[in-house]
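These values consider heavy atoms only, across backbone and side chains, with no hydrogens, waters or symmetry-generated copies. None of the values given here were measured: they were computed from a predicted structure.
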Amino acid sequence: MNKRNYYFDNAKFILIFFVVFGHLLQSFIADNETIHALYKAIYTFHMPAFILVSGFFAKGFYQKGY
């Protein structure tokens, strides 16, 4: 039986939250510079973090020489 890694489950949840929150902020970025800065900060890291987390689950990750 394969054990779940709760660290990555929680990381994916947080990243999904940032995606939804970033889309919510999109309609307010023209009104407030602070919201615009927060929007840019979220979009700077959330997709690269998804790629990093997805790479952990790539087939053959645990094989030697991967």
Side-chain angles (χ1 to χ4, degrees):
M1 186 162 175
N2 196 4
K3 289 179 67 175
R4 291 193 66 104
N5 191 330
Y6 295 114
Y7 173 78
F8 286 106
D9 287 342
N10 292 329
K12 288 187 288 186
F13 171 76
I14 291 168
L15 291 170
I16 290 169
F17 172 78
F18 278 134
V19 169
V20 173
F21 188 62
H23 284 280
L24 176 74
L25 289 178
Q26 207 167 19
S27 59
F28 299 105
I29 59 175
D31 300 334
N32 190 323
E33 187 62 33
T34 305
I35 293 175
H36 185 66
L38 179 61
Y39 172 81
K40 289 189 335 188
I42 289 171
Y43 272 78
T44 299
F45 76 87
H46 83 279
M47 285 312 292
F50 265 124
I51 293 168
L52 184 70
V53 169
S54 298
F56 179 78
F57 296 105
K59 185 177 180 178
F61 179 77
Y62 291 109
Q63 295 176 358
K64 185 174 181 153
Y66 179 74

S.K.: Check the hydrophobic clustering (I, L, V, M, F, W, Y; side-chain heavy atoms under 4.5 Å; chains of links allowed) and say if Val20 and Leu38 are grouped together.
M.R.: no

S.K.: Would you say Phe50 and Met47 make side-chain contact, with heavy atoms under 4.5 Å?
M.R.: yes

S.K.: Establish, yes or no, whether a centroid distance under 6.0 Å links the rings of Tyr39 and Phe28.
M.R.: no

S.K.: Give me the atom names and distance for the closest heavy-atom approach of Tyr43 to Val19.
M.R.: OH-O, 4.4 Å

S.K.: What is the minimum heavy-atom distance between Val53 and Lys12, and which atoms define it?
M.R.: CG1-CG, 3.7 Å

S.K.: Rounded to the nearest 0.5 Å, how far apart are CG of Leu52 and CZ of Phe45?
M.R.: 12.5 Å

S.K.: Between atom CD of Gln26 and atom CD1 of Ile35, what is the distance when rounded to the nearest 0.5 Å?
M.R.: 13.0 Å

S.K.: Leu25 and Ile42: which non-hydrogen atoms are nearest, and at how many Å?
M.R.: CD1-CD1, 4.1 Å

S.K.: Would you say the ring centroid of Phe17 lies under 6.0 angstrom from that of Phe13?
M.R.: no

